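To start, the structure under review is shown below, and the notes come after it.
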Amino acid sequence: MTPDQLSDAIVAALNAAVTDGDLTLSDGVPASVRVERPKVKEHGDYATNVAMQLTKQAGRPPREIAELIAARLAKTDGIAAAEVAGPGFLNVRIDAGAQGVLAAEIVAAGDSYGGSDQLRGVKVNLEFVSANPTGPVTLASARWAAVGDSLARILEAIGADVTREYYFNDHGAQIDRFALSLLARARGQEPPQDGYFGDYVDEVASRVVAAEPDVLSLPDADAQEVFRREGVALMFDEVKRSLRDFGVDFDVYFHEASVHESGAVQQAIDRLTKLGQTYEKDGAVWLKSTDYGDDKDRPLIRSNGTATYIAGDAAYYLDKRQRREFDRVMILLGADHHGYIGRYRALSASFGDDPDKHLEILIGQMVNLVRDGKPLRMSKRAGTVLTMQDLVGTVGVDAARYSLVRYSMDATIDLDLDLWARQTQDNPVFYVQYAHARLASILRNAADLGLAPAGADFDPGLLSTAREGDLLRALAEFPRVVGHAAELREPHRVARYLEDTAASFHKFYDECRVLPLGDEEPTPLHAARLLLVAATRQVVANGLGLLGVTAPERM
RNA sequence: GCCCCCAUAGCUCAGGGGAUAGAGCACCGGCCUCCGGAGCCGGGUGCGCAGGUUCGAAUCCUGCUGGGGGCACCA
């Protein structure tokens, strides 16, 4: 019996109490009740605080309400006991049998276990990373790559139709500075003060020269144009390649330059003007973003006639909303962009959208580096920027992605380079992957013995020890964890869940022999435990899949 | 000055109003005749401060302290 099924049973009990005239609820019976796993074993398999929640509208003490539910619940199939405790908690024990059937259900569901139809039919556009093509993907961007892709996978698991999107800022001043920096390095000069530094600038510059040998004999403006075009193209390739190596495949790489070249920017501004959302002042065209809660109005067209960055955003946002009629535009940004929220919401509202419904901007905190216990300061100028590829090269894709996704986005994380570089069991990803390898190994050994997991008609009551019960309850949690991770946009919950579940499995393994010992005859218990192993392996594999981390058969 | 995030064990971090606040690392001590010891078992210290809401607060609200990041006709 899963928590959701228990919730249904409790609702049924409440309905029965009302029908019998034992209970009156002014707001009616809730559609579902909150069921949680108690921290203490003595409090049963599951507990609910619904009686306390209903105290007001029932006009009766919580313990009395809990008694009414308990009496009816105790008669429900699959429930071994229901007792009232403390101020009005209802503690429930599930029949071992009702719990054990889950193992067969999970194996039958396979890859789909954990998913749901919660967001079926919802089209989501999820933009993340979107780093400028003026350098390699940095460690900070790697966090959004890991978190964004995992979030996309989790949303897809609950039915959403997700488009992963990357916005290349390949237009504007920073691109000019990049081109100038390349030109300078190609000539053996220092890049400008506000230019780009680091070895990769030299590399890109020499690759451009190799491809276009006569570039250095061109006039400055023409040479700069060649370096801009070729340099940016090389960076595009580099960015795409490192993301692919990281296991992140974007559906759309959108180029900022395209909305400027196509006239989409002007169309977007015209539209805003027609909607009465702009005005002219000091020779510039402004968006009345303060009407929608922004700190200040934002210029769309500068007094020199050129379009601003936010004008490109306007066109891009409009494109996203119209291209496939996305229900929701989600954007993952670093904390240094949090000031961006106000103007973007105002932009959305200016087009007549509801920013609370159509737009969602997620802010994640930064990644710091620590070495020898001391913070390591990255400097773009000195060229000491740690890249995603550096991280992957040091710890591997699995550990890199896992380490970046296992923390709450709200928390700044300190990655200890030495620790991750050591690649020892300090890294929790090994704990989870090891559990999967161990599970796979048991299944391999069973196959060698000609032993198959029990079928759907097995006796679930065989899985009755405390460790088996703990493991089954952990497996039963998975769909809820995925649902919560999706709803709260918190992929790290999946990682933490996997660590807990791996621990439950390791404990089960330590106490419960799965395969026959020596020449012992296989029994139904062996087959039942093997089924539990198969179910556990499935859950661990599904969970790792949501994080974009491999589930190894062997390590 | 204004805005956002954070503050929980020696360290890195979990903890969606619930009962006795958890995990990993580190430290000490146990467990391999057979399914992977990269594992398991035992040992202990903590919610920055002050108010408020609530039957109940690490969790929600306010103020303060400390840390991080932002507040361009840059992108």
Side-chain angles (χ1 to χ4, degrees), chain A residues 34 36 38-40 42-43 47-49 52-53 55 61-62 85-89 91 132 134 169 171-175 177 194 256 281-286 295-296 298-310 312-313 334-342 363-366 368 370 373 406-416 419 424-428 430-431 433-435 437-446 448-449 484 487-488 490 492-493 495-497 499-500 502-503 505-520 526 529-530 533 554-555:
Chain A
R34 184 143 169 216
E36 51 191 30
K39 289 175 193 133
V40 189
E42 289 67 41
H43 295 150
T48 178
N49 61 354
M52 289 180 280
Q53 304 285 357
T55 306
F89 288 104
N91 295 334
N132 293 347
T134 53
N169 304 130
H171 178 91
Q174 91 283 4
I175 292 292
R177 288 200 300 271
D194 54 358
E256 183 190 2
K281 192 184 117 194
D282 303 333
V285 177
W286 298 73
D295 303 344
K296 52 194 84 167
R298 308 286 170 178
L300 294 166
I301 305 281
R302 301 185 188 91
S303 44
N304 69 9
T306 58
T308 61
Y309 184 77
I310 193 172
D313 274 343
D336 51 340
H337 283 76
H338 109 271
Y340 199 78
I341 297 175
I363 299 295
Q365 300 300 311
M366 314 304 266
N368 294 317
V370 176
R406 104 179 259 270
Y407 304 98
S408 160
M409 263 192 286
D410 287 338
T412 308
I413 54 179
D414 297 320
L415 276 192
D416 186 326
L419 185 123
T424 63
Q425 63 269 38
D426 296 354
N427 186 341
F430 291 122
Y431 184 74
Q433 288 187 313
Y434 177 66
R438 216 179 203 189
L439 286 155
S441 164
I442 296 170
L443 292 167
R444 270 197 307 273
N445 293 341
D448 290 346
L449 292 173
H484 292 157
E487 205 179 314
L488 297 167
E490 293 187 348
H492 76 273
R493 286 169 181 270
R496 302 297 174 150
Y497 165 79
E499 290 166 32
D500 290 345
F505 162 66
H506 287 309
K507 289 174 189 184
F508 155 80
Y509 175 90
D510 196 56
E511 204 164 279
C512 301
R513 176 80 200 185
V514 177
L515 300 178
L517 259 175
D519 52 2
E520 187 188 0
H526 293 125
R529 284 181 171 168
L530 198 54
V533 165
R554 292 185 169 83
M555 291 175 75

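Below, each value reflects all heavy atoms present in this structure, side chains not excepted, and no hydrogens, waters or symmetry copies. In what follows, chains carry the letters A, B, and so on, assigned in the order in which the sequence lines appear, proteins first and then strands, with residues in each chain numbered from 1. Note that the structure is predicted; figures quoted are calculated from it, not measured.
At the phosphate of B:rA72, neither OP1 nor OP2 sits under 4.0 Å from any side-chain N or O atom of A:Tyr309. Distances shorter than 4.0 Å separate some side-chain N or O of A:Arg34 from OP1 or OP2 on B:rG17. Side-chain N/O atoms of A:Arg302 include one lying less than 4.0 angstrom from OP1 or OP2 on B:rA75. For the OP1/OP2 pair of B:rU20 and a distance below 4.0 Å, the side-chain nitrogens and oxygens of A:Lys39 include no atom meeting the criterion. Phosphate proximity of B:rG15 to A:His492: present, with a side-chain N or O under 4.0 Å from OP1 or OP2.
Under 3.5 Å, the side chain of A:His338 and the base of B:rG70 form no donor-acceptor pair of N or O atoms. Checked by distance alone, A:Thr412 brings no side-chain donor or acceptor within 3.5 Å of a matching partner on the base of B:rC6. Residue side chain A:Asn49 reaches the base of B:rG18 through a donor-acceptor N/O pair under 3.5 Å, judged by distance alone. A donor-acceptor contact under 3.5 Å links the side chain of A:Arg493 to the base of B:rG16.
Straight-line distance from the CZ atom of A:Phe430 to the P atom of B:rC25: 13 Å, rounded to whole Å. The distance from atom CG of A:Asp295 to atom C1' of B:rA72 is 13 Å, rounded to the nearest whole Å. Computed from coordinates, the A:Asp336 CG to B:rG68 C1' distance equals 12 Å when rounded to whole Å. Remark: C1' of B:rC32 and CZ of A:Arg513 are 12 Å apart, rounded to the nearest angstrom. Spacing between atom NE2 of A:His526 and atom C1' of B:rC35 amounts to 10 Å, rounded to whole angstrom units.
At a threshold of 4.5 Å between non-hydrogen side-chain atoms, the residues A:Asn368 and A:Ile413 do not count as touching. In this structure, the side chains of A:Leu515 and A:His526 stay at 4.5 Å or more apart for every pair of heavy atoms. Using a 4.5 Å cut-off on side-chain heavy atoms (C-beta onward), A:Thr412 and A:Tyr407 make no contact.
Closest to the side chain of A:Ile442, from the set B:rC35, B:rA19, B:rA38, is B:rC35.
Using bins of under 30°, 30° to 60° and over 60° for the plane-to-plane angle, the ring pair A:His337/A:Tyr340 lands in the perpendicular bin.
Where A:Gly518 and A:Asn304 meet RNA chain B, the nucleotide closest to each residue was compared, and A:Gly518 sits on the side nearer the 5' end. Of the residues near RNA chain B, A:Arg438 and A:Asp282, the one whose nearest nucleotide (by heavy atom distance) lies more toward the 5' end is A:Arg438.
Taking the 5.5 Å centre cut-off and the 30° plane limit, the aromatic side chain of A:His43 is classed as stacked on B:rA19. By the 5.5 angstrom centroid cut-off and the 30-degree plane limit, A:Tyr407 is classified as not stacked against the base of B:rC13. Ring-to-base geometry places A:Phe89 in a stacked arrangement with B:rA19 (centre distance under 5.5 Å, plane angle under 30°).
Centroid-to-centroid, the aromatic rings of A:Tyr431 and A:His506 come within less than 6.0 Å.
A:Ala335 comes within 4.0 angstrom of the backbone, heavy atoms only, and of no base. At the heavy-atom level, A:Ser408 lies under 4.0 Å from the strands shown only through sugar-phosphate atoms. Across all strands shown, A:Met409 has no heavy atoms under 4.0 Å from either base or sugar-phosphate atoms. Using a 4.0 Å heavy-atom criterion, one finds that A:Glu487 contacts the bases of the nucleic acid, with or without backbone contacts as well.
Taking atom C1' on both B:rC11 and B:rG70, the two are 29 Å apart, rounded to the nearest angstrom.
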